[in-house]
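Okay, structure first, notes after.
From a predicted model like this one, the values you see are computed outputs, not experimental measurements. Order of listing sets the numbers, starting from 1, for every ligand and every atom in it. Throughout, residue positions are numbered sequentially from 1 according to the sequence presented.
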Amino acid sequence: MPPPHSTPSWLADAVLYQIYPQSFADSDGDGVGDFAGITARLDHLAWLGVNAVWLNPCFASPFRDAGYDVSDYLSVAPRYGTDEDLAALVAAAKERGIRVLLDLVAGHTSDEHPWFRAAADDPSDGRYIWAEGRPPGFVPSPGSRAGSYLPNFFDSQPALNFGYARTDPAEPWRQPVDAPGPLANRAALREIMDHWLRLGLAGFRVDMAHSLVKDDPDLVETGKLWTELRAWLDEAHPEAALLAEWGDPAVSVPAGFHADFFLQFGGPSDGLPLRSLWNNGTGTVDTRWEPRAPYFGADGGGSAGPFVTAWQSVTAVIGDRGFTTLPTANHDFSRLCCGPRTAGQLPAAFAFQMTWPTLPAVYYGDEIGMRYIPGLPDHEGSVLGPEYNRAGSRTPMQWDDSPNAGFSTAPADKLYLPLDPDPGRPTVAAQRADAGSLLHLVRRLIALRKATPELGTSGSVKVLHTGYPLVYVRGDRYLVVVNPRRDAASLDLPRPTLASARPVEGAGVTVDEDGIRADGFAWAVLDLA
Ligand code: NOJ
């Protein structure tokens, strides 16, 4: 099969925005966000300038993992509204030039999915991975079927059977990838995608896309599965985008994804490129992560080198076959504004994100500097370990300074998660009224990126310095200087051409014939033409 090459025409210019539907906007006052709430807030997104929205799973679910435990892929969860409400959201978004992507939970279902219920009573059913006895990692059968099943994440999320790359007669549950169960599951993925794409959805973020074929060295068989699905997609829905939750674009994009995220995990150094930018050891903490100063930290001490190097090597592999995506955060790891990082430090981070050739993905609320809230109780599977609490990144969107921040009219104790308790919490309304706010800055940066192709995914990037300040030239024309630390930083750069540099956006950066000087937390884009 030839490598996939076509990409949806809109994707190169996408500015993604991730909506956690539970927490974005609640129209009916039950304390949980919903489709109609999102629809009513689309003008905010249009004003901000984002043009593609990714919704976390909004399908029928018992919500033991906040919707990543799907019990029916073709029905929406009643708490978010009806099929018609989702259709109205998609139509209203389209009117504003915004595409809507859903989350495809490909690797597992809920243990309440009818497929799993049937499998738990039928020893001939091959849709899940079922063993006699209880091999390590397997969970006892809940039904009349003897033995145990393999989960993919929580025990309540049985792995769909896509087969094993290596079979072993001593372990008969290792079915080949072309056994009937795995083939039925592949066909089901196509049917689910087809269903939603026909209704006008623009694509999917694919949950745990790397996890499908088990015991798969170098993920070769998992890659082939996605190559096959992509070939179908290219024929059936060429304008639909597949974004992987894989964390290793050098593998996932050649396999068939249009884009993959730099994530807190994944890739040759297990998430280090992204963590080396943002992660300051607070918020969601995985004890396996070696503590290190992030590049975007007020104390300095970090380096943009690991990210830049990873980006360069990924780009050398994927070329123009697809994109890498740089998220500000997501529902699984700390927001940008976390621990010692204050809102005043965020402009430099957004300036970098919006002028780097990755696809930017803004996590809802990061555009106003919402804080990660520590210490929240477990809710719908948010706590993964003693120090890994995802709830702090999932709190209600702060629209205004009304009692529930405009998120909901429900009593405060009925909200999906508590609000940031700080009475001075940032809000959209206050920042809309203040042209000097972070929100306005993010909007200007998005507009600048859209108006300046050199700053987007297609413009070249030449990195001049990965310490403090970070300095790079986009499209042989725009000099970008970012200094995310408290102290000023300078770079000797004896280039006469820099003397003519004309500021486009930003402040606190001086350029002359001897080099560049940036104040603390300053950044600028300069035109060298
Ligand atoms: C990754 C999702 O982003 C996360 O929220 C979820 O818990 C796991 N996959 C399991 O589906």
Side-chain angles (χ1 to χ4, degrees), residues 16-24 33 53-73 77 101-113 115-116 128-129 137 139 149-160 162 185 189 192 203-212 214 219 222 242-248 252 257 259-267 270-271 274-275 283-284 286 325 327-335 361 363-364 366 372 376 378-385 387-395 416-417:
L16 298 158
Y17 188 90
Q18 182 189 343
I19 289 183
Y20 200 62
Q22 294 90 321
S23 303
F24 194 65
V53 161
W54 150 39
L55 298 182
N56 289 92
C58 50
F59 312 106
S61 168
F63 289 96
R64 285 203 283 273
D65 185 15
Y68 281 95
D69 46 330
V70 177
S71 55
D72 182 354
Y73 289 97
L101 290 86
L102 298 182
D103 207 313
L104 178 66
V105 188
H108 49 268
T109 65
S110 158
D111 58 3
E112 295 188 16
H113 195 292
W115 297 342
F116 185 73
Y128 296 85
I129 301 171
V139 177
Y149 68 88
L150 185 71
N152 213 31
F153 196 71
F154 292 141
D155 288 356
S156 57
Q157 292 162 307
L160 282 162
F162 292 96
N185 285 333
L189 287 186
I192 296 162
F204 301 92
R205 174 267 193 188
V206 180
D207 184 64
M208 291 177 70
H210 57 281
S211 74
L212 302 200
K214 304 304 183 199
L219 302 181
T222 300
L242 275 188
L243 316 182
E245 189 212 20
W246 191 311
D248 195 1
S252 56
F257 281 92
D260 186 9
F261 294 83
F262 279 110
L263 290 171
Q264 76 281 24
F265 66 87
D270 196 21
L274 183 73
R275 296 203 311 275
T284 51
D286 186 322
T325 303
T328 55
N330 73 26
H331 61 292
D332 289 334
F333 67 93
S334 311
R335 287 185 176 280
Y363 185 52
Y364 83 95
D366 278 356
Y372 173 93
L376 295 177
D378 179 58
H379 189 53
E380 296 190 341
S382 57
V383 173
L384 295 183
E387 296 183 73
Y388 206 106
N389 188 345
R390 305 181 289 181
S393 289
R394 299 176 175 184
T395 58
Y416 179 74
L417 283 169

query: So do P151 and Q157 actually touch side chain to side chain, heavy atoms under 4.5 Å?
result: no
Heavy-atom side-chain contact between Y416 and E380 under 4.5 Å: yes
query: Looking only at side chains, do T284 and Y372 share a donor and an acceptor under 3.5 Å apart?
result: no
message: Between N56 and H331, do the side chains contain a donor N or O and an acceptor N or O under 3.5 Å apart?
response: yes
Quick check for students: name every N or O atom pair between ligand 1 and the protein closer than 3.5 Å, with distances.
{"residue": "ligand 1", "atom": "3 (O)", "partner": "R205", "partner atom": "NH2", "Å": "3.0"}
{"residue": "ligand 1", "atom": "3 (O)", "partner": "H331", "partner atom": "NE2", "Å": "2.7"}
{"residue": "ligand 1", "atom": "3 (O)", "partner": "D332", "partner atom": "OD2", "Å": "2.4"}
{"residue": "ligand 1", "atom": "5 (O)", "partner": "H331", "partner atom": "NE2", "Å": "3.0"}
{"residue": "ligand 1", "atom": "5 (O)", "partner": "D332", "partner atom": "OD1", "Å": "2.7"}
{"residue": "ligand 1", "atom": "5 (O)", "partner": "D332", "partner atom": "OD2", "Å": "3.4"}
{"residue": "ligand 1", "atom": "5 (O)", "partner": "R390", "partner atom": "NH1", "Å": "3.2"}
{"residue": "ligand 1", "atom": "7 (O)", "partner": "D65", "partner atom": "OD1", "Å": "3.1"}
{"residue": "ligand 1", "atom": "7 (O)", "partner": "D65", "partner atom": "OD2", "Å": "2.6"}
{"residue": "ligand 1", "atom": "7 (O)", "partner": "R390", "partner atom": "NH1", "Å": "2.9"}
{"residue": "ligand 1", "atom": "9 (N)", "partner": "D207", "partner atom": "OD1", "Å": "2.7"}
{"residue": "ligand 1", "atom": "9 (N)", "partner": "D207", "partner atom": "OD2", "Å": "3.4"}
{"residue": "ligand 1", "atom": "11 (O)", "partner": "H108", "partner atom": "NE2", "Å": "3.0"}
{"residue": "ligand 1", "atom": "11 (O)", "partner": "D207", "partner atom": "OD2", "Å": "2.8"}

message: Over 60° means perpendicular and under 30° means parallel, so tell me whether Y20 and Y364 are parallel, tilted or perpendicular.
response: parallel
task: Would you check if the distance from the ring center of H113 to the ring center of Y73 is below 6.0 Å?
output: yes
